[in-house]
Amino acid sequence: MIKDDISRIVSEAVRRAQSEGALPAVALPEVAIERPQRPEHGDYATSLALRLARAMRSQPVDIAGAIANHIELTDAISSAEVAPPGFINFRLSQDWLTRQVETVLAEGETFSDLNLGVGQKAQLEYVSANPVGPLHVGNGRWGAIGSTLANVLKAVGYGVEQEYYVNDMGTQIDTFATTLYARYQQLFGRDIAIPEEGYPGAYMIDVAEAIRSEHGDAFLRPPGELAPREMRDIGVEKMLTSIAADLASMGVVYDRWFRESSLHVASSAYQVVLQKLRADGFVTEKEGAVWFTSTALGEDKDNVLIRSNGSPTYFASDIAYHYNKLVERGFQRVIDIWGADHQGHVPRMRAAIAALGVERERFDVLIGQLVTLKRGGEVVRISKRSGDIITLREVVEEVGTDACRFFFLTSSPNATMDFDLELAKKQSAENPVYYVQYGHARIASILTLAQERGIDWADGDPSLLVHEAEQALIRKMLELPEILETIARSLEPHHLPHYAIALATTFHDFYEKCRVISSEPGDLPITKARLKLVAAAKIALARTLGLMGMAAPERM
RNA sequence: GCCCCCGUAGCUCAGCGGAUAGAGUACCGGCCUCCGAAGCCGGGUGCGUGGGUUCGAGUCCCGCCGGGGGCACCA
């Protein structure tokens, strides 16, 4: 990226200035290059001189001047100017800028790819809701964020695997089974109430009915007996099928569905991990249970691994799961996306990973804040335990996949999000996503027209693109790789939709100001050049939409 | 009580310690006789609050207020 080139050029300039004695020999901090807000400040800028002022015991402007004097301009950078109080502003050369149109065209679908993660396998786990009920809108948010993050990490070079961790054992599954069996028995006329802490939602009746229609009374046991194991498994599978369909409907597709239960078969991760923790002295027994001594690692309290009834906790499974990912499967990076309601789990999980001897930077947890569901400004409680749930499916069907994803992606994962159903439905027609897609469709129709008129623009000369709006468009396209770098570093994909709007705006502005296909014979050269520009913009727009998991329509 | 996240325009949200804080939407007014008006141009209000660090704070630190979420042998 040009940004990195500038950073390097600046460091070299400082080094030269220092060796010549023009600047004191102090340690150089990382040379941050930013994009100034105001065009008169150039394309890129650095405040390095301001940061160095203290250490160099000198005026920022003087330092900036000394650096600027030692900067060797390249064919890409036409000027490096000092601006008070001590900025150095860089301008891209027009020639280099217009040449980037050819670069984008040549790169095509790989435009904006980077190599930050080459050779590294990253695993992304998200949503992973318990298969005890349908997904709600909050899960949809993680779906959109997770899948977009996966796309971005792939684009910057990582080998990415997306995974859904299926909690198919434990208390909630037992409750699910009990509820399901109660519903099933009700279908055969038994007067059985669903459990106190069960799942009262009507979907459980649907599952029970599906099982009855497929298996008849095969699972009916004498009154008082517990739910048969097979029925529980069938019920879980049905829930998973429905969850997978809901996620697929919003463009979320996993490489793998990983069962918690698979960690507990003979000689699997769970056994290995427990033995390892025990051998390393992180395990103790008290009150009839087996504990992980997180306090030894600075935690507030110890955590149970195996309950006094002998069954492993979710925590124990999760340690085994992460051991499986980080050690057995050898992912260099493991990224989990959890809802804020799991934040309490983070410290002990980190402690456990440290106990396993895994470097902490290989494991990231994104704690996403929750979605507050509203209807006409009024808060709707979402809970699998209440009958009244608004499912993700309903929302996707009403709002549409693309608008839904865009909506989920726009806000920072750190911020709680209000999802107003009335508003979402209303806004689905005027969602900014259509603004972006419209830009793409507009370009498509320009290119179609060019083809119909038989304009061959292969020999178009981009150096003719001297109009301010043309150059603004090129500059905006070049921003995409920088955005991807930011997202890969921060793991916050919300910058993408904001960029998408900005890119579309820049295109629409260009479109208003610059006629692409002109009938004037003398305009043929600029027409060809602009067709190249427009084709490049189409690539950038399509890539941006694609990374967000949205369609880039040829017409709409 | 302790811990985490958030508080920016009427609404929904951006803003990597930098130069005059931005989008979308809503509201008002203008713009289609060669490419799609799902578009463009113009119009205005805002960093919850009090301190601190810094050459420079919406951004970092502390207090307070407000909202959300945690503090299980649930997940």
Side-chain angles (χ1 to χ4, degrees), chain A residues 32 34-38 40-41 45-47 50-51 53-54 59-60 83-87 89 128-130 132 167 170-173 175 197 260 287-291 300-301 303-309 311-315 317-318 338-347 367-370 372 377 407 410-420 423-424 426-427 429-432 434-435 437-439 441-450 453 482 485-486 489-490 494-495 497-499 501-502 504-505 507-509 511-513 515-520 527 530-531 534 555-556:
Chain A
E34 55 195 77
R35 281 187 177 248
Q37 294 177 7
R38 307 178 61 77
E40 60 266 35
H41 294 143
T46 181
S47 59
L50 288 155
R51 294 171 206 281
R54 178 185 291 265
Q59 290 301 313
F87 292 99
N89 296 328
S128 301
N130 280 357
V132 295
N167 301 120
T171 314
Q172 294 193 11
I173 289 293
T175 306
E197 292 295 306
E260 177 183 358
E287 299 158 27
V290 176
W291 299 70
D300 291 343
K301 53 186 189 311
N303 297 97
V304 173
L305 292 169
I306 305 174
R307 301 182 181 94
S308 45
N309 70 7
S311 65
T313 59
Y314 166 83
F315 179 45
S317 287
D318 219 14
W338 299 344
D341 54 340
H342 283 62
Q343 62 178 258
H345 188 54
V346 179
I367 290 301
Q369 295 303 308
L370 303 176
T372 307
F407 190 80
T410 305
S411 55
S412 155
N414 286 334
T416 51
M417 201 182 94
D418 285 353
F419 192 103
D420 193 314
L423 207 62
K426 190 165 142 273
Q427 286 189 347
E430 55 213 29
N431 193 293
Y434 300 118
Y435 176 82
Q437 291 179 323
Y438 179 64
R442 238 183 179 179
I443 294 175
S445 83
I446 294 172
L447 295 176
T448 305
L449 181 69
R453 297 213 183 155
E482 293 170 22
E485 184 188 32
T486 299
R489 200 182 55 237
S490 65
H494 68 278
H495 296 103
H498 291 278
Y499 168 75
I501 291 172
T505 299
F507 167 72
H508 287 308
D509 182 56
Y511 179 87
E512 295 295 328
K513 290 176 177 157
R515 175 83 206 177
V516 179
I517 298 177
S518 166
S519 315
E520 297 291 324
T527 287
R530 283 177 178 165
L531 281 168
V534 149
R555 60 178 62 86
M556 48 194 293

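Keep in mind it's a predicted model, so treat the numbers as computed, not measured. Every chain is numbered from 1, with letters handed out A, B, ... down the list of sequences.
Considering only the side chain of Arg555(A), G36(B) comes nearest among G36(B), A19(B), C73(B). Taking only side-chain atoms of Glu512(A), from C-beta outward, the nucleotide of A19(B), A75(B), G39(B) with the closest atom is G39(B). When distances are taken from the side chain of Glu34(A) to each of U12(B), C40(B), C16(B), the shortest belongs to C16(B). Side-chain atoms of Asn89(A) lie closest to A19(B) of the nucleotides A38(B), C41(B), A19(B). When distances run from any side-chain atom of Ile501(A) to the nucleotides A75(B), G15(B), G24(B), the shortest one goes to G24(B). Of the candidate nucleotides A72(B), U25(B), U12(B), U12(B) has the atom nearest to the side chain of Phe407(A). Here A75(B) is the nucleotide among A19(B), A14(B), A75(B) with the atom lying nearest to any side-chain atom of Tyr314(A). Of the listed nucleotides (G18(B), C35(B), C40(B)), C40(B) has the atom at the smallest distance from the side chain of Tyr435(A). Comparing A26(B), G68(B), C35(B) against the side chain of Gln343(A) picks out G68(B) as the nearest. Comparing A37(B), A75(B), C73(B) against the side chain of Tyr438(A) picks out A37(B) as the nearest.
Taking atom C1' on both nucleotides, A72(B) is separated from U25(B) by 44 Å, rounded to a whole Å. Between U12(B) and U53(B), the distance separating the two P atoms is 36 Å to the nearest Å. Across C64(B) and C71(B), the matching C1' atoms stand 23 Å from one another, rounded to whole Å. Of the P atoms belonging to G70(B) and G63(B), the separation is 23 Å, rounded to the nearest Å. Taking the C1' atom of each, C47(B) and G7(B) are spaced 10 Å apart, rounded to whole Å. Taking atom C1' in both G46(B) and G22(B), one finds a spacing of 11 Å when rounded to whole Å. On the C1' atoms, A75(B) is 39 Å away from G17(B), given to the nearest whole Å. Comparing the C1' positions of A14(B) and A9(B) gives an interatomic distance of 13 Å, to the nearest angstrom.
For C73(B), the base has a donor-acceptor partner in the side chain of Ser308(A) [N/O atoms by modelled type, under 3.5 angstrom]. Judged by atom type and distance alone, Arg51(A) reaches the base of G18(B) through a side-chain donor-acceptor pair under 3.5 Å. Residue side chain Gln369(A) does not reach the base of G69(B) through any donor-acceptor N/O pair under 3.5 Å, judged by distance alone. Put simply, the side chain of Asn431(A) and the base of A38(B) share no donor and acceptor less than 3.5 Å apart.
Looking at heavy-atom distances under 4.0 Å, Glu287(A) makes contact with a base. Note on His508(A): only backbone sugar-phosphate atoms sit closer than 4.0 angstrom, heavy atoms only; bases stay farther off. In this structure, Ser47(A) reaches the bases: a heavy-atom distance under 4.0 Å links it to at least one base atom across the strands shown. Residue contacts shown for Ala289(A) include a base, since a base heavy atom lies under 4.0 Å away. In this structure, Ala450(A) reaches neither bases nor backbone, as no heavy-atom distance under 4.0 Å exists between it and the strands shown. Backbone-only contact: Leu370(A) has heavy atoms under 4.0 Å from sugar-phosphate atoms and none from a base. When heavy atoms are screened at a 4.0 angstrom cut-off, Asn303(A) is found touching no nucleic acid atom at all. Glu520(A) comes within 4.0 angstrom of no nucleic acid atom, judged by non-hydrogen atoms across all strands. Ala441(A) comes within 4.0 angstrom of a nucleotide base, judged by non-hydrogen atoms across all strands. Among the atoms of the strands shown, only primed sugar atoms or phosphate atoms (P, OP1, OP2) are found under 4.0 Å from some heavy atom of Met417(A).
One interatomic measurement links the two molecules: CG of Asn167(A) to C1' of A75(B), which rounds to 6 Å at whole-angstrom precision. Atom CD in Gln37(A) sits about 9 Å away from atom P in G18(B), given to the nearest Å. Across the protein-nucleic acid pair, Trp338(A) atom CH2 and G68(B) atom P stand 24 Å apart, rounded to whole Å. Between the CD1 atom of Ile367(A) and the P atom of G70(B) there is a distance of 11 Å, given to the nearest Å. Computed from coordinates, the Asp300(A) CG to A72(B) C1' distance equals 15 Å when rounded to whole Å. His345(A) places its NE2 atom 12 Å from the P atom of C71(B), with the value rounded to the nearest Å.
The CG atom of Asn303(A) sits 7.5 Å away from the CH2 atom of Trp291(A) when rounded to the nearest 0.5 Å. Of the inter-residue distances, the one linking Met556(A) atom CE with Arg442(A) atom CZ reads 11.5 Å to the nearest 0.5 angstrom.
Classification of the His494(A)-His498(A) ring pair by plane angle, with boundaries at 30° and 60°, yields perpendicular. Classification of the His345(A)-Trp338(A) ring pair by plane angle, with boundaries at 30° and 60°, yields tilted.
Dashed line: the shortest gap from a side-chain N or O of Arg442(A) to OP1 or OP2 of A37(B) is under 4.0 Å. Listed pair His342(A) / C4(B) fails the phosphate criterion, with no side-chain N or O lying under 4.0 Å from OP1 or OP2. At the phosphate of A37(B), OP1 or OP2 sits under 4.0 Å from a side-chain N or O atom of Tyr511(A). Listed pair His494(A) / G15(B) meets the phosphate criterion, a side-chain N or O lying under 4.0 Å from OP1 or OP2. Contact annotation: Ser445(A) side-chain N/O to G36(B) OP1/OP2 distance is under 4.0 Å.
Nucleotide C31(B) forms a Watson-Crick or G-U wobble pair with G39(B), both donor-acceptor distances falling under 3.5 Å. The partner of A26(B) is absent, by the rule that a Watson-Crick or G-U pair needs both atom distances under 3.5 Å. Pairing for G1(B) goes to C71(B), judged as Watson-Crick or G-U wobble with the two contacts each under 3.5 Å. Pairing for C64(B) goes to G48(B), judged as Watson-Crick or G-U wobble with the two contacts each under 3.5 Å. With both pairing distances under 3.5 Å, G18(B) is matched to C55(B) as a Watson-Crick or G-U wobble pair.
The backbone N or O of Ile306(A) lies less than 3.5 Å from no partner atom in the side chain of Thr313(A), so there is not a single donor-acceptor pair.
Glycosidic conformation at C55(B) (O4'-C1'-N9-C4 for purines, O4'-C1'-N1-C2 for pyrimidines): anti, more than 90° from 0.
Judged by closest nucleotide on RNA chain B, Asn414(A) is the one of Leu449(A) and Asn414(A) placed further toward the 5' end. Mapping Arg35(A) and Arg515(A) onto RNA chain B via the closest heavy atom, the residue that lands nearer the 5' end is Arg35(A).
With a 4.5 Å cut-off on side-chain heavy atoms, Leu50(A) and Phe87(A) count as touching. Inter-residue side-chain proximity for Thr505(A) and Tyr435(A) is flagged as met; some heavy-atom pair is nearer than 4.5 Å.
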Query - Evaluation steps, side-chain hydrogen bond (donor to acceptor under 3.5 Å, both in side chains), between Thr171(A) and Tyr314(A) - result: CA-CA 9 Å; Thr171(A) 314; Tyr314(A) 166 83; over 6 Å; no

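The only member of Leu447(A), Leu531(A), Val534(A) that meets side chain to side chain contact (heavy atoms under 4.5 Å, CB included) when paired with Ile517(A) is Leu531(A).
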